[in-house]
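Residue numbers begin at 1 in each chain, while the letters A, B, ... track the order of the sequences.
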Amino acid sequence: MKKLLERIGNVDRRIIFILMALAVIVPLALELTMEMPVGEGPSYDLYEYVEDLPADSRVLMSFDYDPSTKPELQPMARALVTHMMSNDVNIVAMALWPQGATLGQTILSSVSDSLGTEQYQDWVNLGYKTGGQVLIVRLGSSLEAAFPTDLEEVPYGEIPMLSDISTLRDFDLVITLSAGDPGIPAWVMIASDRFGVPVGGGCTAVSAPQFYPYLQEREGERPQMEGLLGGLRGAADYETLIERPGLAAAGMSAQSIAHLVIMVFIVIGNITFFATGRKKRTKGGGR
Amino acid sequence: MRLYVPLAITFIAGMIMILEFFIPHQPFPTLGDGVKDWYTIVASSAIFLGVLNLLRVHLKKIARRRKHWRYSPVTIIGFLSMFITGVAWGVTEETPFYYLFNEMVVPMGATMFSLLAFFVASAAFRAFRASNWRASLLLASAFLVMLGRVPIGDIIWRWIPGAAESSHPYLVSEIAEWIMQVPNMAGQRAILIGAAMGVVATSLRMIFGIERSYLGGGD
Amino acid sequence: MKIRTFSAMIPAVLLIAAAVAAQPVTVENLEAQDSPDDAGGAVELLWSLSEGTDFPDSITVLRRAPDGSMELVGTKPGVSTGHVDTGLENGREYGYLVRVHRGGEVAAEHGPVSAVPAAQWLHSKRWGMLLILIVLAGFILYFIEQGKKGKELYIRQIAGLAAVDDAVGRATEMGRPVLYVPGIMDMDNIQTIASMVILGRVAARTAKFGSPLLVPVSKSVVLSVSQEVVKEAYLEAGRPDAYQSDNIFYLTDDQFGYAAGVDGIMVRERPAAIFLLGTFYAESLILAETGRSVGAIQIAGTAMPSQLPFFIAACDYTLIGEELFAASAYLSREPKLLGSLKGQDVAKLFFIAVIVLGVLAFTLGDLWEPANEVAGFIRSLTRVE
Amino acid sequence: MTTGILGIWAGALLTLCLYSFLYRDNPFYRFAEHLFVGMSAGYWAVYTIFYVLKPNWWDKLVGAGDADPNMLWIIPGVLALLMLLRVVPKLAVYSRLPLALIVGGGAGLQLVTFFQTNGLKQVENTIIPLTGGGTVGFVNNLILVSGVVCGLVYFFFSKAHKGFTGGMASTGITILMVAFGASFGYTVMARISLLIGQTQFLLFEWLPTIPRVLGL
């Protein structure tokens, strides 16, 4: 028995890779679907806030991510833009990460074509600027100073929907899709805490736990963040809430199987570790 | 000149950004806006500096035939292909730049990081040990969150007879949400506060010229 | 999910609005004031709306021009309760009228009210934060000065450092090398600087016990600094001959290339002790896993929140976030590190006191009413808008 | 449609090149990795020059459109050029001036924003009454408050972790371990989601084009 565990203990990494690949490919290929109710939580809070926005209210949407986190954040962007455009909420898009400008443009133009919304009337993409948090503070005094033109070099003054928007305070909500820094912390610090503009957003699952303190609501106080979509699960929640299941919801079954496989690996790993007596003198390093 | 002028600039720029928060009266808003506009311009030239460095490293690699030098031309060609198409035809939709970005850069970027799923899997098998009470508590909490964040957690719970009709039909995801909203929030908040004080102390040392390592170590 | 923070629920009195709804809504207690906390040039008009649901079509704001005529400066929806008029001159008085429009004609007119825009020198809601910041900055700079004057600044024993000494001791018993990985960022990163200090400590021990010390780096500046630190440690230990500069070498700048290179060294050299101290990103997994598979005792330390869980699960001991900086301050006795650490401790003490007192006061508030005022005051100390 | 299929094939082949790293480090992986680094740098260069420096500096300097030229913008331009001198070893010392502006401005802003949002605001939100939410509410609030206080005690370095402080510190580290467990679970979830995203691309966008390309 010990011999067997010994051999399992140092199995070749590539076998583990193959098992992992199968754990993802099989559920996707079989198009396995799993019923996933959306309970109370940050995803629902964001949906509720966006749903309550009256028509023609103005949202600043910042695409602060790059291709490396596209699989998690692009479905969120698509779901949010679809939801807002169908409630004809005006979207002013921008980006704190250079590649976010183009990724955002892809979503905005494809959703606006399908829903028939008008560029420069219902949405505009101001593109990317350097500066991160420093740029956001600059938006507090003047949007035009930071974005003299939009992505297609149309001057700020000639864009009809921006005629009555001059600073960050003129927005009813800021939505940031953030893969790291600059991202959610910068927007919460400046837009929410300094200028009092409500902030909501989505982030990769890696950084979601760190933003829960911002979500706490105190009696009669505005929370630092109105809602948060955490990782692919957050995107799937939002897709379910707006009844447009997309890539994220389809991925949930594969996500489930892969999680089980990882947990089984950890259990087996620990069994072989303890069983083969390789229990080294490990100091817990702390009471 | 080599030391005291940069330290003076750091002090002035730092104090303007601090005072602008507390003093709404002119001239601070205008000074603040000035620092921010200049910051954007200088920061973008810093990014461009990174690009220059990358090209310099690869050109030197080719010149000196260093290890893997055969791949350096690929980086340079990649750079030129994006740069020239971007300059010549712009970056909006239907331009070659947009096409190259969407069809090549995006899939490569997404794939690069998806490799990590495999490394997590092999680390799960060979590295994550409940060897002390800290690690065991961490792994237990991780299991509950991983089960609760995906549909399978509740599906397994509802296989238990009577679970679906009980007061908690979706117990596993409720537990996961509770872990996120209470212990996780408390722990993350303690870390946030500690780290915030670290940032305050480090920023103070930089503005008052006590910390000079950012100047390239030249004391 | 909204956590109702469970303060005493004021029983919600249901307003029966039906009787009042019939009367049309009008503007009440209109007033004008300089808009606070700004650089001047703006007047704020505030009004409340009477009870009811029959809102006017719109509410317009008019300003008296120098020649006495009334100039339209703002059209607001029927539900709004205020308007900010900007682009004014500081110090000049401005008069205003507010008109309620219903069915295309003026239903009512209110005013005149007037105000003088002015600029404020100190933001009225932020002076509390300024005070606390000045006190804390004072403490930090004070402790740094004390440190410079050579005064003894006490810092508690860091458990991680005992683990460092054990690990090096164990490596020398088994006569196998020690591997030190200082992270993948450059010297402008605080975590790398802290890592260099601990490298000096490890080098001092390997110099004394004579076991080989391998230091693969991923940045050229880190290479030169590491060589300096290790050479100095070997000199101090009186073993300049044992110092081999080619044990400290540059691998590559590339994240995954560096991880693969270090893995190769782990498998070939089979070190008994591995140190992973500094800034790590996703490659932390690859390093910790191979280290575990070669059976080495692993000490990790980083302030990167996303990598800490993996290090804790995969390594034998992990210096968590600030412990890495505390360890480097403890070892280097560097005044600026010790001073800022003590200053941060003062801030933490202040926060702990405020939280504990505030929570106690609020909890007592249910039994003894005035405690709520005390709690409200304590919380207002940290309130900033 | 051919450009569409061509694009999907380019993306799919490069994806497979990168995945080949799992078997072992090989020329295909190196090729794709170097290509990705180069193209990303090209994207960054185009954006920083034509979509940041031009509209936010050059147009303001020469007064594009109706605005009149403003010579004050010369100064940031000079600073930006000095930054590039870092590449020239002899003149690198002058790059300290623009660097000082970035470090100073950044440090000044961070000092205020981190202190307000991650410091004071978190403390303010932790000052809550324990009672008022029934036993469940009481337990939750107790864990929240004690977790924050004990977590801060764990990162307190001026007093040895013995006796009462030792007890608080170990409570703190216990709650921190649960928080790290949550981060662990979420990070694993994130890595897997990335893999799912790319597998969806290969399975549902690339594979269907194979029959068409082979002319079936």
Please flag which part of [X] lies under 4.5 Å from any non-hydrogen atom of chain C: side chain, backbone, both or neither.
{"X": "Glu211(B)", "answer": "both"}
{"X": "Val57(B)", "answer": "neither"}
{"X": "Ala195(B)", "answer": "backbone"}
{"X": "Thr30(B)", "answer": "neither"}
{"X": "Ile210(B)", "answer": "both"}

Could you tell me the separation between the [atom1] atom of [X] and the [atom2] atom of [Y], rounded to the nearest 0.5 Å?
{"X": "Ile23(B)", "Y": "Gln120(C)", "atom1": "CD1", "atom2": "CD", "result": "12.5 Å"}
{"X": "Gln26(B)", "Y": "Asn90(C)", "atom1": "CD", "atom2": "CG", "result": "9.0 Å"}
{"X": "Phe21(B)", "Y": "Leu133(C)", "atom1": "CZ", "atom2": "CG", "result": "9.5 Å"}
{"X": "Gln344(C)", "Y": "Thr202(B)", "atom1": "CD", "atom2": "OG1", "result": "6.5 Å"}
{"X": "Phe22(B)", "Y": "Leu122(C)", "atom1": "CZ", "atom2": "CG", "result": "8.5 Å"}
{"X": "Leu138(B)", "Y": "Thr318(C)", "atom1": "CG", "atom2": "OG1", "result": "9.5 Å"}

Search all heavy atoms of [X] against all heavy atoms of [Y] and return the closest pair with its distance.
{"X": "Pro24(B)", "Y": "Ala39(C)", "value": "O-CB, 3.2 Å"}
{"X": "Tyr317(C)", "Y": "Arg134(B)", "value": "OH-NH2, 4.1 Å"}
{"X": "Ala127(B)", "Y": "Arg292(C)", "value": "O-NE, 3.4 Å"}
{"X": "Lys348(C)", "Y": "Gly194(B)", "value": "CE-CA, 4.2 Å"}
{"X": "Arg205(B)", "Y": "Ser340(C)", "value": "NH1-OG, 2.8 Å"}

Side chain, backbone, both or neither of [X] within contact of chain B (heavy atoms, under 4.5 Å):
{"X": "Val346(C)", "result": "neither"}
{"X": "Phe310(C)", "result": "both"}
{"X": "Ile193(C)", "result": "side chain"}

Atom [atom1] of residue position [X] - does it have more than 12 heavy atoms of other residues, nucleotides or ligands inside 6.0 Å?
{"X": "Tyr170(B)", "atom1": "OH", "result": "yes"}
{"X": "Glu232(C)", "atom1": "CD", "result": "no"}
{"X": "Trp127(C)", "atom1": "CH2", "result": "no"}
{"X": "Arg56(B)", "atom1": "CZ", "result": "yes"}

Check for a donor-acceptor pair, side chain of Arg129(B) on one end and backbone N or O of Ala313(C) on the other, with a separation under 3.5 Å.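 The answer is no, because no donor-acceptor pair under 3.5 Å joins these two groups.
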Assign the ring pair Phe28(B) / Trp121(C) to parallel, tilted or perpendicular, where the plane angle (0 to 90°) is split at 30° and 60°.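 Because their plane-to-plane angle is over 60°, the rings of Phe28(B) and Trp121(C) count as perpendicular.
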Among Leu116(B), Val200(B), Ile191(B), which has the most heavy-atom pairs under 4.5 Å with chain C?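 When all of Leu116(B), Val200(B), Ile191(B) are compared, Leu116(B) has the most.
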What option among Ala142(B), Ala130(B), Ala135(B), Ala123(B) has the most heavy-atom pairs under 4.5 Å with chain C?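 Max contact count across the listed options: Ala123(B).
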Give the intermediate values and the outcome of side chain to side chain contact (heavy atoms under 4.5 Å, CB included) for residues Glu289(C) and Phe125(B). CA-CA 9 Å; Glu289(C) 181 205 337; Phe125(B) 194 79; over 6 Å; no
Winner by heavy-atom pair count (cut-off under 4.5 Å) against chain B, out of [options]:
{"options": "Ala347(C), Ala119(C), Ala314(C)", "answer": "Ala314(C)"}
{"options": "Leu285(C), Ile312(C), Leu130(C), Ile140(C)", "answer": "Leu130(C)"}
{"options": "Gln298(C), Glu322(C), Lys125(C)", "answer": "Glu322(C)"}

Is there a side-chain contact between Met197(B) and Leu136(C) in this structure, where contact means two heavy atoms from C-beta onward sitting under 4.5 Å apart?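 Side-chain contact under 4.5 Å: yes.
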